[in-house]
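One structure below.
Just follow the structure's listing: the first ligand is 1, and inside any ligand the first atom is 1.
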Amino acid sequence: MTETVPTGIYGLDEMMSGGFPKKRIILILGSPGAGKTILASQFLYKGLTEFNENAVMVSLDENKHHFYSEMINFGWDFKKAEEENKFRFIDATRLSRVAMLKERMMKEETHSLRGKLLSIDTLIEQLQDKIVEIGAKRVVLDTLASLFYRFIDPIERRTAGTDLIEALSDLGTTTIVTTELDQVGLERNLSDEEFMVHGVILLQTLFSGGSTVRALHVEKMRGVGTNSNMVPYTIDRNGIEVYPTMSLFRDK
Ligand SMILES: Nc1ncnc2c1ncn2[C@@H]1O[C@H](COP(=O)(O)OP(=O)(O)OP(=O)(O)O)[C@@H](O)[C@H]1O
Ligand SMILES: [Mg+2]
């Protein structure tokens, strides 16, 4: 049996016979606002406070100050965890689309920014250092989608994504990578990343008869028995809760 790591997220662990496969990569795929950042951060915070597992967050979307102030809304004090040397935040926004846009704009006037963009290799080195420094067991990279916007060429884009996932899989941590779901509905093209990782969780908003419901689906979790139903989840001031035994749409 594959050893599992509890996420500590209400309702989610029972959908995966206990949790995520240990030291593997789990991809969280979801539409904008689906709760990818919250789910991933909740996994880290539960690790810190309930399972004695130190953590590193790599964000391509937001800086540390922004992240800390968003998370304190849920009562998750990552700043304190950092001060206790249990948590590290890596600001990788320089890898993102915003950095690219800025660079392109600046280049028209000056070449001074050239080479200052963070490379994937440098990022992985930084991440390895932080993992060793605090003995981290959990890692989140949020979000691969921001990296993709850097590449216009689809082949370069694929290579960047697969390189990054390969590098992450050597770290020996239980890792969540978030990414955007570009299609909604039943018919989807699976991406390279989905084949490379051990687990995939989909977060979607479904519409039916004028109402909407947030739906979670454990698409795959290698080595772990799963509940393969699409089940409802909620987001409130405590974060995410999953309801494995409830049906998506209440009977009318
Ligand atoms: N206290 C709260 N109560 C209810 N819903 C909340 C609360 N805080 C945040 N949300 C919901 O959480 C969602 C945002 O979650 P999150 O930032 O994790 O999404 P995301 O998938 O990472 O989005 P993005 O693609 O923009 O990064 C929003 O839809 C918001 O409505
Ligand atoms: Mg997000």
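At a 4.0 Å heavy-atom cut-off, ligand 1 touches R214 through the side chain alone.
Of the N or O atoms in T37, one or more lie within a sub-3.5 Å distance of an N or O in ligand 1.
For the pair A40 and ligand 1, no heavy-atom separation below 4.0 Å is found.
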Please evaluate residues V177 and I28 with respect to the criterion side-chain contact (heavy atoms from CB on, under 4.5 Å), reporting the C-alpha separation (whole Å), side-chain torsions for both, the decisive distance (0.1 Å), and the verdict. CA-CA 6 Å; V177 176; I28 308 288; over 6 Å; no
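F78 and Y45 have perpendicular rings, their planes meeting at more than 60° on a 0 to 90° scale where under 30° would count as parallel. The aromatic rings of F43 and F20 lie tilted to each other, with the angle between the two planes from 30° to 60°.
For the Mg ion (ligand 2), protein N/O/S neighbours under 2.8 Å (waters excluded) are T37 OG1.
With sequence neighbours excluded, no residue forms a salt bridge (Lys or Arg N to Asp or Glu O under 4.0 Å) with K130.
The closest heavy-atom contact to atom 23 (O) of ligand 1, among the options G33, S31, S41, G239, comes from G33.
Counting heavy atoms from C-beta on, the side chains of M230 and L206 come closer than 4.5 Å. Here the side chains of I38 and Q42 are in contact, with some heavy-atom distance below 4.5 Å. Residues E62 and T93 are not in side-chain contact: their nearest non-hydrogen atoms beyond the backbone lie 4.5 Å or more apart.
Remark: minimum distance from atom 6 (C) of ligand 1 to any protein heavy atom is reached at I235 CG2, 3.6 Å.
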